[in-house]
**Student:** 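This is the structure I have questions about; it appears just below.
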Amino acid sequence: MFKFRFMIRPSIYAPTFHLSSFSPKPINLPLNSQLGSYFTSSQSQQKLFFRQLFETESSTYTYLLADFSHPHKPAILIDPVDVTVDRDLYLVKELGLKLIYAMNTHMHADHVTGTALIKGKVPGLKSIISKASGAKADLLVEPGDKVHFGDLFLEVRATPGHTLGCVTYVTGEGPDQPQPRMAFTGDALLIRGCGRTDFQGGSSKQLYKSVHSQIFSLPKDTLIYPGHDYQGFTVSTVGEEMQYNHRLTKDEETFTSIMENHKLPYPKLMDKALRANMVCGLQDSTSVAD
């Protein structure tokens, strides 16, 4: 089992990250990017800083997490989008965070990941995606791995079905970890819905099993933060989705029938996105923006 940890040790373990190559002009952050900022239950310790960010064209959520109690304030971005990288990095710099990982829940088909652009602006930053995705990244994670940032960590859970390589990142379990727990589900589980299953190795039956075994098995007060939302919702819980999700409350046979009878057009950016996202943050950043 791999563990990726940011620690106060010599540079081989804790490289110094600078945004010196990134000098953005002040920007006005949209309202959506200002929502969801809070410190979790250990208010006195002020451990986890959390911010939910939104990209309007693809209705994608990006998540910024940091260990605010750690001297270096190490931070991670989950599912960054290429067109909002400047906004995200401006916020990171403004808050005095040290961005160490840019992570993807899966290989996206509806937008180009921002990891390549971020790597070009933040020396030493590492990209992360699941090994099962078939994409390239600095670190390839598998089920059970833990991604550490400061004294906090995310647990990797395999949730294939939307794509073969989908994972859900779940905040750690324990008294020194955020409570309630948080699950970043990508496109596997959406609020009152789920991702499509008709391409990229998708499988309705596999998605049903993934959500029920890997997400619905979490405590019912676990907060669900999806990869997208098209109705203006920002967060749900495991308990809510177990009761109200329009698709995943059905039995497996009914769910499979619903998903297999969807007739959805392919995402308009699919060809460009998949080509770029296959080399998740490792290619020259200018090639992604072309």
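What you are looking at is a predicted structure, and each value in this text was computed from that prediction instead of being measured.
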**Student:** With respect to Pro180, which candidate in Leu223, Thr222, Val238 satisfies the side-chain contact (heavy atoms from CB on, under 4.5 Å) definition?
**Tutor:**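 The single option meeting the side-chain contact (heavy atoms from CB on, under 4.5 Å) with Pro180 is Leu223.
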
**Student:** How far apart are the closest heavy atoms of Tyr244 and Thr249, and which atoms are they?
**Tutor:**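 Residues Tyr244 and Thr249, closest heavy atoms: N-CG2, 4.0 Å.
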
**Student:** If hydrophobic clusters are built from ILVMFWY residues whose side chains come within less than 4.5 Å, do Phe49 and Leu89 share one?
**Tutor:** yes

**Student:** Where do Ile118 and Leu125 come nearest, in terms of heavy atoms and distance?
**Tutor:**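 Distance-wise, the nearest heavy atoms are CG2-CD1, 3.7 Å.
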
**Student:** Could you tell me whether the side chains of Thr197 and Ser203 share a donor-acceptor contact shorter than 3.5 Å?
**Tutor:** no

**Student:** Quick one: are Leu77 and Met103 in side-chain contact, heavy atoms under 4.5 Å?
**Tutor:** no

**Student:** CZ/Arg247 to CG/Asn245 distance, rounded to the nearest 0.5 angstrom?
**Tutor:**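 Separation between the atoms: 8.0 Å.
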
**Student:** Looking at OG1 of Thr254 and CE of Met259, how far apart are the two atoms once the value is rounded to the nearest 0.5 Å?
**Tutor:** 13.5 Å

**Student:** Among Ile76, Leu91, Asp88, exactly one meets side-chain contact (heavy atoms from CB on, under 4.5 Å) together with Leu64. Which residue is that?
**Tutor:**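 Answer to the side-chain contact (heavy atoms from CB on, under 4.5 Å) test with Leu64 among Ile76, Leu91, Asp88: Leu91.
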
**Student:** Name the residue from Ile129, Asp145, Ile128 that meets the side-chain contact (heavy atoms from CB on, under 4.5 Å) definition with Leu140.
**Tutor:** Ile129

**Student:** Start with the C-alpha distance between Asp176 and Leu152, add both sets of side-chain angles, then the distance that settles side-chain contact (heavy atoms from CB on, under 4.5 Å), and finish with yes or no.
**Tutor:** CA-CA 8 Å; Asp176 59 340; Leu152 304 176; over 6 Å; no

**Student:** Report yes or no: do Val156 and Phe216 belong to one cluster of Ile/Leu/Val/Met/Phe/Trp/Tyr joined by side chain heavy-atom distances under 4.5 Å?
**Tutor:** no

**Student:** Any heavy-atom pair between the side chains of Leu154 and Val170 that's under 4.5 Å?
**Tutor:** no

**Student:** For the side chain of Ser130 and the backbone of Glu142, is there at least one donor-acceptor N/O pair under 3.5 Å apart?
**Tutor:** no

**Student:** Checking Cys194 against Val211 for the side-chain contact (heavy atoms from CB on, under 4.5 Å) test, could you report, in this order, the C-alpha distance in whole Å, the side-chain angles of both residues, the deciding distance, and whether it holds?
**Tutor:** CA-CA 9 Å; Cys194 62; Val211 172; 5.9 Å; no

**Student:** We want to know whether Glu260 and Thr256 form a side-chain donor-acceptor pair, criterion being a heavy-atom distance below 3.5 angstrom.
**Tutor:** no

**Student:** Report yes if the distance between the aromatic ring centroids of Tyr63 and Phe54 is under 6.0 Å, otherwise no.
**Tutor:**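 When the ring centroids of Tyr63 and Phe54 are compared, they turn out to be at least 6.0 Å apart.
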
**Student:** Inspect the contact between Glu252 and Lys209 and indicate whether a charged nitrogen and a carboxylate oxygen are less than 4.0 angstrom apart.
**Tutor:**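 Counted as a salt bridge, because a side-chain N and a carboxylate O are separated by less than 4.0 Å.
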
**Student:** Taking the side chain as everything from C-beta on, heavy atoms only, tell me whether Thr84 gets closer than 4.5 Å to Leu53.
**Tutor:** no

**Student:** Output, in order, the C-alpha distance, side-chain angles, deciding distance and verdict of side-chain contact (heavy atoms from CB on, under 4.5 Å) for Val83 and Glu57.
**Tutor:** CA-CA 10 Å; Val83 296; Glu57 184 175 355; 5.5 Å; no

**Student:** Is a donor on one side and an acceptor on the other found under 3.5 Å between the side chain of His70 and the backbone of His72?
**Tutor:**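 It does hold such a pair.
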
**Student:** Among Thr113, Thr115, Asp138, which one satisfies side-chain hydrogen bond (donor to acceptor under 3.5 Å, both in side chains) with Ser127?
**Tutor:** Asp138

**Student:** What verdict does the side-chain contact (heavy atoms from CB on, under 4.5 Å) test give for Asp86 and Lys121, after you've listed the backbone C-alpha separation in whole Å, the side-chain angles of each residue and the deciding distance to 0.1 Å?
**Tutor:** CA-CA 10 Å; Asp86 282 352; Lys121 297 174 184 289; 3.7 Å; yes

**Student:** Please verify the inter-ring angle class for Phe184 with Phe50; under 30° counts as parallel, over 60° as perpendicular, anything in between as tilted.
**Tutor:** tilted

**Student:** Same cluster for Leu164 and Leu207 if Ile/Leu/Val/Met/Phe/Trp/Tyr side chains link at under 4.5 Å?
**Tutor:** no

**Student:** Any non-hydrogen side-chain atom of Lys126 less than 4.5 Å from a side-chain atom of Ile100?
**Tutor:**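 Sidechains of Ile100 and Lys126: no contact.
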
**Student:** Would a 4.5 Å heavy-atom cut-off, applied to side chains only, mark Phe233 and Ile224 as touching?
**Tutor:** no

**Student:** Under the salt bridge (charged side-chain N to carboxylate O under 4.0 Å, His left out) rule, what pairs show up with a residue in residues 156-169, not counting sequence neighbours?
**Tutor:** Glu155-Arg157

**Student:** Are Lys146 and Phe153 in a cation-pi setup, meaning NZ or CZ lies under 6.0 angstrom from the ring centre and within 45 degrees of the ring axis?
**Tutor:**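 Judged by the rule (NZ or CZ under 6.0 Å from the ring centre, within 45° of its axis), Lys146 counts as positioned above Phe153.
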
**Student:** Would you indicate whether the side-chain heavy atoms of Leu48 and Gln177 approach each other to under 4.5 Å?
**Tutor:** no

**Student:** Which pairs count as salt bridge (charged side-chain N to carboxylate O under 4.0 Å, His left out) when at least one residue sits in residues 221-239, sequence neighbours excluded?
**Tutor:**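 Qualifying pairs, neighbours excluded: none.
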
**Student:** May I ask you to test the Lys131-Val141 pair for a side-chain heavy-atom distance under 4.5 Å?
**Tutor:**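 A side-chain contact under 4.5 Å is absent here.
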
**Student:** When you look at Arg192 and Ser236, which way does the side-chain hydrogen bond (donor to acceptor under 3.5 Å, both in side chains) test go after all the steps?
**Tutor:** CA-CA 9 Å; Arg192 307 301 191 262; Ser236 183; 3.3 Å; yes

**Student:** Do Thr168 and Thr185 have side-chain atoms, one donor and one acceptor, less than 3.5 Å apart?
**Tutor:**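 No, because no side-chain N or O of Thr168 sits under 3.5 Å from a partner of the opposite role on Thr185.
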
**Student:** For residues Tyr169 and Asn104, report the shortest heavy-atom separation together with the two atoms involved.
**Tutor:** OH-O, 2.9 Å

**Student:** Do Asp79 and Thr105 have side-chain atoms, one donor and one acceptor, less than 3.5 Å apart?
**Tutor:**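 Looking only at side-chain atoms, Thr105 and Asp79 do form a donor-acceptor pair, the distance falling under 3.5 Å.
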
**Student:** Would you say Asp187 and His228 are linked by a side-chain donor-acceptor pair, where the criterion is simply a distance under 3.5 Å?
**Tutor:**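 There is such a pair (donor and acceptor under 3.5 Å, judged by atom type) between the side chains of His228 and Asp187.
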
**Student:** When rounded to the nearest 0.5 angstrom, what distance separates NE2 in His246 from CG in Leu190?
**Tutor:** 11.5 Å

**Student:** Nearest 0.5 angstrom please: Arg51 CZ to Leu65 CG, how far?
**Tutor:**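 Rounded to the nearest 0.5 Å, the CZ-CG separation comes out at 11.5 Å.
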
**Student:** Cation-pi check for Phe68 against Lys73: NZ or CZ below 6.0 Å from the six-membered ring centre and within 45 degrees of the axis, yes or no?
**Tutor:** yes

**Student:** From Thr171 OG1 over to Lys47 NZ, what is the distance, rounded to the nearest 0.5 angstrom?
**Tutor:** 13.0 Å

**Student:** Which pair of heavy atoms, one from Phe255 and one from Lys250, lies closest together, and at what distance?
**Tutor:**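 Taking every non-hydrogen atom into account, N-CB, 4.1 Å.
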
**Student:** Minimum heavy-atom separation for Asp151 and Asp67, please, with both atom names.
**Tutor:** N-OD2, 2.8 Å

**Student:** Show the nearest heavy-atom pair for residues Thr237 and Lys220, with the distance to one decimal.
**Tutor:** CB-O, 3.6 Å

**Student:** Find the distance between CD (Gln231) and CD1 (Ile191) and round it off to the nearest 0.5 Å.
**Tutor:**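 Between atom CD of Gln231 and atom CD1 of Ile191 there are 10.5 Å.
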
